[in-house]
Amino acid sequence: MSTKSPIIVDLRFHPDQVAEGLKTAFPGREVINRADPAQRDRDLSGISYALLWKPLDDLFARAKDLKVLFSGGAGVDHVLTLPGLPDLPLVRFVDHTLTTRMSEWVVMQCLMHLRQHLAYDAQQRARVWKPLTQPEAADLTVGVMGMGVLGSDAARKLKAMGFNVIGWSKSGKPVDGVAMHAADDLDRFLGQSDILVGLLPLTPETRGIFNRELFSKLKRDGALGGPVFINAGRGGSQVEADMIEALQSGLLKSASLDVFEVEPLPETSAIWSLPNVILTPHSAADSDVSALFAHVERQIDRFERGEALEHVVARTAGY
Ligand code: NDP
Ligand code: OXD
């Protein structure tokens with residue numbers, strides 16, 4: 001009989017990976033996997049921990065004795081808006097596997113725009129052999145909005161590729177080797193950015209921040225011939241009607257998008273067929289389930305030893 005307190009796992013992603021990962025995760029701890037129909041109606045009273053991502057509607061009504069909540073992802077907007085959310089510590093997912101994946105995606109997208117991949121892709125399909133004028137990374141400034149765990153790692157790796165990198169965050173707190181701009185210095189930051197990378201959490205302050213006015217403030221006379229917008233934060237931060245118009249009118253030269261106002265992106269969205277957009281299905285940095293379970297177990301160990309939990313979300317700030 002296990003002496004460790006059980007955990008509820010209520011994750012609406014990769015059910016096969018979750019089931020497989022749970023075979024070895026949380027040693028000595030009973031796991032109630034609510035993605036398994038056979039476990040959905042289990043008694044949840046007396047259980048202290050829940051790991052969740054888009055949980056079933058009845059979770060909080062049935063699990064009345066929770067002490068700590070764990071987000072299945074780095075972003076917590078989906079947790080903070082859950083009906084009936086209890087006032088408990090919420091720990092988000094921070095792990096090098098996720099950070100590394102995001103930086104790979106961001107660096108890849110910046111390089112695709114630098115190396116004019118969209119134009120060469122179109123030329124390949126039309127069987128056109130035509131080398132284009134090629135600027136270097138050092139000719140461009142990448143502005144990263146959101147310089148937290150993900151933004152600061154991506155900035156470091158972009159610098160290693162030779163890009164000039166500047167950062168924008170609420171506090172403007174220093175990040176090694178990056179010229180930082182605080183929230184009230186947005187216009188100056190935008191005016192220097194050839195490529196804008198969004199790695200912001202979705203909060204009331206960041207909802208709709210990527211709009212026509214913001215796009216019009218980006219640097220326009222850089223080596224790419226127009227500004228590029230890259231977003232892997234949250235789709236709720238972009239005003240898609242403005243963004244589509246900007247991509248059609250040339251206010252934005254091109255974009256890479258991993259996140260959308262509505263996901264999955266509806267089949268009817270004009271974004272699918274914009275020739276100057278690279279699109280991925282919210283897969284820039286998937287949570288690795290084994291790393292996620294190990295991170296949760298580590299935090300439970302800390303909690304049970306009486307140590308402070310790490311990566312706890314500041315409820316009022318919303319991230
Ligand atoms: P962090 O909490 O570590 O960093 C958030 C950053 O955003 C901080 O620099 C913070 O500023 C800044 N920020 C927050 N609000 C504002 C604001 N109003 N004005 C200016 N700056 C602000 O988050 P992570 O880096 O771990 O993750 C960022 C987001 O990436 C997640 O919230 C999630 O939405 C998204 N994500 C997307 C994934 C994908 O696959 N597409 C995967 C994982 C995450 P300060 O430093 O001053 O606090
Ligand atoms: C996350 C995500 O927040 O995958 O981790 O978007």
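As the structure lists them, so they are numbered: ligands from 1, and atoms in each ligand from 1.
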Side chain, backbone, both or neither: which applies to S169 and ligand 1 if a contact is any heavy-atom pair less than 4.0 Å apart?
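Both parts.
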Would a 4.5 Å heavy-atom cut-off, applied to side chains only, mark L11 and V289 as touching?
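Answer no - side chains too far apart.
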Against heavy atoms of W168, which atoms of ligand 1 measure under 4.0 Å?
19 (N), 20 (C), 21 (N)
Proximal atoms of ligand 1 relative to H282 (non-hydrogen, under 4.0 Å):
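Reading through ligand 1 atom by atom, the close ones are 39 (C), 40 (O), 41 (N).
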Near R42 CZ, under 6.0 Å, is it more than 12 heavy atoms from other residues, nucleotides or ligands?
yes
Hydrophobic cluster membership, W53 vs I300, 4.5 Å side-chain cutoff:
yes
Heavy-atom distances under 4.0 Å are what count here, so tell me which part of W53 touches ligand 2: side chain, backbone, both or neither.
side chain
Only one of F26, F93, Y49 forms a ring-ring contact (aromatic ring centres under 6.0 Å, His included) with F293, so which one is it?
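Single pass found, and it is F26.
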Scan R29, R298, K67 and name whichever one has a salt bridge (charged side-chain N to carboxylate O under 4.0 Å, His left out) with E304.
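Only match with E304 under salt bridge (charged side-chain N to carboxylate O under 4.0 Å, His left out): R29.
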Using side chain to side chain contact (heavy atoms under 4.5 Å, CB included) as the criterion, point out the one residue from S256, S193, S254 that pairs with V228.
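Looking at S256, S193, S254, the match for V228 under the side chain to side chain contact (heavy atoms under 4.5 Å, CB included) is S254.
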Element-labelled atoms of ligand 2 that are located less than 4.0 Å from some non-hydrogen atom of [X]:
X	value
R234	1 (C), 2 (C), 3 (O), 6 (O)
G75	1 (C), 3 (O), 5 (O)
H282	2 (C), 4 (O), 6 (O)

Just to confirm my output: which protein heavy-atom neighbour is closest to atom 47 (O) of ligand 1, and how far is it?
S171 OG, 2.6 Å
